[in-house]
Amino acid sequence: MVDADNKIKIEKIKGFRDHYPEDMEIRNSIFTEITETAEDFGFKRIDFPSLEYLDLYKLKSGSELVSQTFSFVDKGGREVTLIPEATPSTVRLLTARKDLPKPVKWYSFPKVWRYEEPQEGRFREHYQFNADLFGIDSAKVDAELIGLATNILDNLGLSGIYEININDRNLLEYILNDLNINDVNNAFLIIDKFRKISRESFIEMFRKLDANDENINKIIDLLSEKLDMDSLSKKLKKLLNNYKNIDDRIKRIQETFEYISYYTKSSINFDFSVVRGLSYYTGIVFEAFDVAGKLRAILGGGRYNNLASLLSGDDIPAIGFAMGDAVIELLLKRQNLWERNIRKASYYVCVLNDVNSEYPITIAQKIRKTNKIASIDFTGRKLPAQLKAAMDYDYSIIIGNDEIKNNSVSIKNMKDGDQKILSFDDFIKSL
RNA sequence: GCCGGGGUGGGGUAAUGGACAUCCUUGGGGACUGUGGAUCCCCGGACCCGGGUUCGAUUCCCGGUCCCGGCCCCA
């Protein structure tokens, strides 16, 4: 755009965000907390391109997702897209390497894009943390991955304000079959809408799947409340014609719930209405929700045992979850937790105007060698102005000709204003 | 893709169909050649873009754009 003065004026692209230093400082410290928790669990970081072939998502992510990608045809005629999610790329990396010993525990923190209307907690570009565990299909592993998710939230200070809701697509499929509903995929889509649409339209949609009213009522009964393990099996025994066939699934879920309890004190529920939009999930699916309600899911994930074989023919069981930065930011701000952690001590080196010496650089380099922050004021402005710039720092160091002559350092504590003169050697020792 | 509410210096704001567009803050400079991080003074900087109505539009109308939020959908 060009205005009357012929100055080029460029606006930000819709749904994209700028991050200034005061924002990035906090963001970095939050992101570090997240990645360090993953590292603590033995997950290793990976990264991949922001651009992939659109086909990668046509495969199994679902047509809805594909229609919401930032995709285009490149100069070579290839249909490519800014990645809308990380899982397909992660699986591509995994299957491209046949030598990796299983299990593989990977995390990533890419930007992902989706072409949607921005609204609260949703942008067209956002950071998304991902953790995936490949090679083992067991309750212990399901619990570890969900445990990692809860520990991340707990470490961010969100204990008690979220809950984990878990479902099992496998179990849900058995149940639907038992109730003579065979179009499972469409049933999932309807169930996913359960909390958003009226009871009447829910019933109407299920009738179109040839379900009888008795069974529809059973489904509504199942979806209506979050369950603990006892009430889950009791309820299913009462509702189903052949409970025995799902005995193993129930046991697996019971085990999973028990193991999760060793990771977190947070509330864990079974919730049949959690289905998730991605079509590649095969077993357990879960979401973390804000207890106070209103916000979208904080994070979500599940088991996807077939994706690797779709991409490569290799049969590799997998479970993972993803967490966007936008909802986390909203939650942390609401809890007044959107702040930086304690950082390294910082020094601002004020240099008086008549100083012409390498001494300030020498001092700053000594400070940096001890892994602390040092910034030198090269402006040549007057001391008061330099001290003002030093207000963000823990200490200011004032270097004038007196200090150079005496080989000393004037150090001022910017918190309480205390100032003292140290010899150069004593100052180095004090670091 | 659809709907609602917004857009005045870097940030926050006031007023207005007519002359130099208000105030606070931030930024730059000075009083002031080492602690004034204060105080005082000075300076710079804005009506989102395009079209229409009008003698005249920052103001009214239309379109676009971006922001905030809702729907759809959700990774």
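Below, chain A is the first sequence line, B the second, and so on; all start at residue 1.
As judged by a 4.0 angstrom heavy-atom cut-off over every strand, A:G121 is placed among residues making no nucleic acid contact. Looking at heavy-atom distances under 4.0 Å, A:K415 makes no contact with the nucleic acid at all. When heavy atoms are screened at a 4.0 angstrom cut-off, A:Q119 is found touching base atoms of the nucleic acid. Using a 4.0 Å heavy-atom criterion, one finds that A:D192 contacts the sugar-phosphate atoms exclusively.
A donor and an acceptor atom sit less than 3.5 Å apart, one in the side chain of A:R122 and one in the base of B:C73. For B:C74, its base never sits under 3.5 Å from the side chain of A:R276 at any donor and acceptor pair. A:E403 contributes a side-chain N or O that forms a donor-acceptor pair with the base of B:G34 under 3.5 Å.
Here A:R114 does not pair with A:E125 in a salt bridge; the nearest charged N to carboxylate O distance is not below 4.0 Å. Using a 4.0 Å cut-off between charged side-chain N and carboxylate O, A:E116 and A:R122 make a salt bridge. A salt bridge does not link A:R78 with A:D55: every distance from a Lys NZ or Arg NE/NH1/NH2 to an Asp or Glu carboxylate oxygen is 4.0 Å or more. Between A:E52 and A:R92 there is a salt bridge, since a side-chain N of the basic residue sits under 4.0 Å from a carboxylate O of the acidic one.
Rounded to a whole angstrom, the distance from the P atom of B:G5 to that of B:C60 is 14 Å. The gap from the P atom of B:G37 to that of B:A31 amounts to 15 Å, rounded to the nearest Å. Separation of the C1' atoms belonging to B:G36 and B:A14 is 33 Å when rounded to the nearest angstrom. The same atom, C1', is picked in B:G45 and in B:C24; the two are 15 Å apart, to the nearest Å. Comparing the P positions of B:C41 and B:C47 gives an interatomic distance of 28 Å, to the nearest angstrom. Taking atom P on both B:G44 and B:G1, the two are 44 Å apart, rounded to the nearest angstrom. Taking atom C1' in both B:A15 and B:U53, the straight-line distance is 23 Å, to the nearest Å. Spacing between B:A46 and B:G11 at atom P, rounded to whole Å, works out to 12 Å.
Between A:S201 and A:S198, the side chains place a donor N or O and an acceptor N or O closer than 3.5 Å (distance only, hydrogens not considered). Checked by atom type, the side-chain pair A:S273/A:N167 shows no donor-acceptor distance below 3.5 Å. No side-chain donor from either of A:Y263 and A:N151 sits under 3.5 Å from a side-chain acceptor of the other.
When each of A:E120 and A:G400 is assigned the nucleotide of RNA chain B with its nearest heavy atom, A:G400 is the one assigned upstream, toward the 5' end. Nucleotides of RNA chain B nearest to A:V112 and A:G15 differ in position, and the one nearer the 5' end is that of A:G15.
In this entry B:G1 has B:C71 as its Watson-Crick or G-U wobble partner, both defining distances falling under 3.5 Å. Within the shown strands, nothing qualifies as a pairing partner of B:U54 under the Watson-Crick or G-U definition with both distances less than 3.5 Å. Across all strands shown, B:U35 forms no Watson-Crick or G-U wobble pair with both distances under 3.5 Å. Across all strands shown, the partner of B:G27 is B:C43, judged by Watson-Crick or G-U wobble contacts whose two distances both fall under 3.5 Å. Across all strands shown, B:A21 remains unpaired; no Watson-Crick or G-U wobble contact has both distances below 3.5 Å.
Rounding to whole angstrom units, CZ of residue A:R124 and C1' of B:C74 are separated by 14 Å. The NZ-C1' distance, from A:K196 to B:C74, rounds to 7 Å in whole Å. Rounded to an integer number of Å, the gap from CG of A:D402 to C1' of B:U35 is 13 Å. For the pair A:E329 CD and B:C68 P, the interatomic distance rounds to 11 Å; values are reported in whole Å. The OH-C1' distance, from A:Y281 to B:C74, rounds to 11 Å in whole Å. Nucleotide B:U35 holds its P atom 19 Å from the CD1 atom of A:I411, rounded to whole Å. Distance A:F123 CZ to B:C67 C1': 11 Å, rounded to the nearest Å. Atom-to-atom, OH of A:Y395 to C1' of B:U35 comes out at 18 Å; the value is rounded to the nearest Å.
Here the nucleotide nearest the side chain of A:Y115, chosen from B:G1, B:C74, B:C68, is B:G1. Listed nucleotides B:C73, B:G37, B:U35 differ in distance to A:Q419; the shortest reach to its side chain belongs to B:U35. The side chain of A:E117 lies closest to B:G1 when the candidates are B:U65, B:C67, B:G1.
Considering A:D377, A:I399, A:L352, A:I398 in turn, A:I399 is the only one that fulfils the side-chain contact (heavy atoms from CB on, under 4.5 Å) rule with A:P360.
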Distances under 3.5 Å only, N/O to N/O: pair up the protein atoms with those of nucleotides 8-12 of chain B.
none

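Remark: A:K382, A:L383, A:P384, A:L387 in residues 380-387 of chain A come within less than 4.0 Å of RNA chain B through at least one heavy atom.
Checking the phosphate oxygens (OP1, OP2) of B:C72, no side-chain nitrogen or oxygen of A:K193 falls inside 4.0 Å. Taking side-chain N and O atoms only, A:K14 has no distance below 4.0 Å to OP1 or OP2 of B:G1. Close to B:C67, at under 4.0 Å from its OP1 or OP2, lies a side-chain N or O of A:K12.
Closest approach of A:N130 to A:P110, counting heavy atoms only: ND2-CD, 4.0 Å.
Put simply, CG on A:N185 and CG on A:L189 are 7.0 Å apart, with the number rounded to the nearest 0.5 Å. Atoms CZ and CD1, from A:F70 and A:I13 in turn, are 7.5 Å apart once rounded to the nearest 0.5 Å.
Between A:Q128 and A:M323, every side-chain heavy-atom pair lies at or beyond the 4.5 Å cut-off.
Ring geometry for A:F194 versus A:F202: interplanar angle over 60°, hence perpendicular rather than tilted (30 to 60°).
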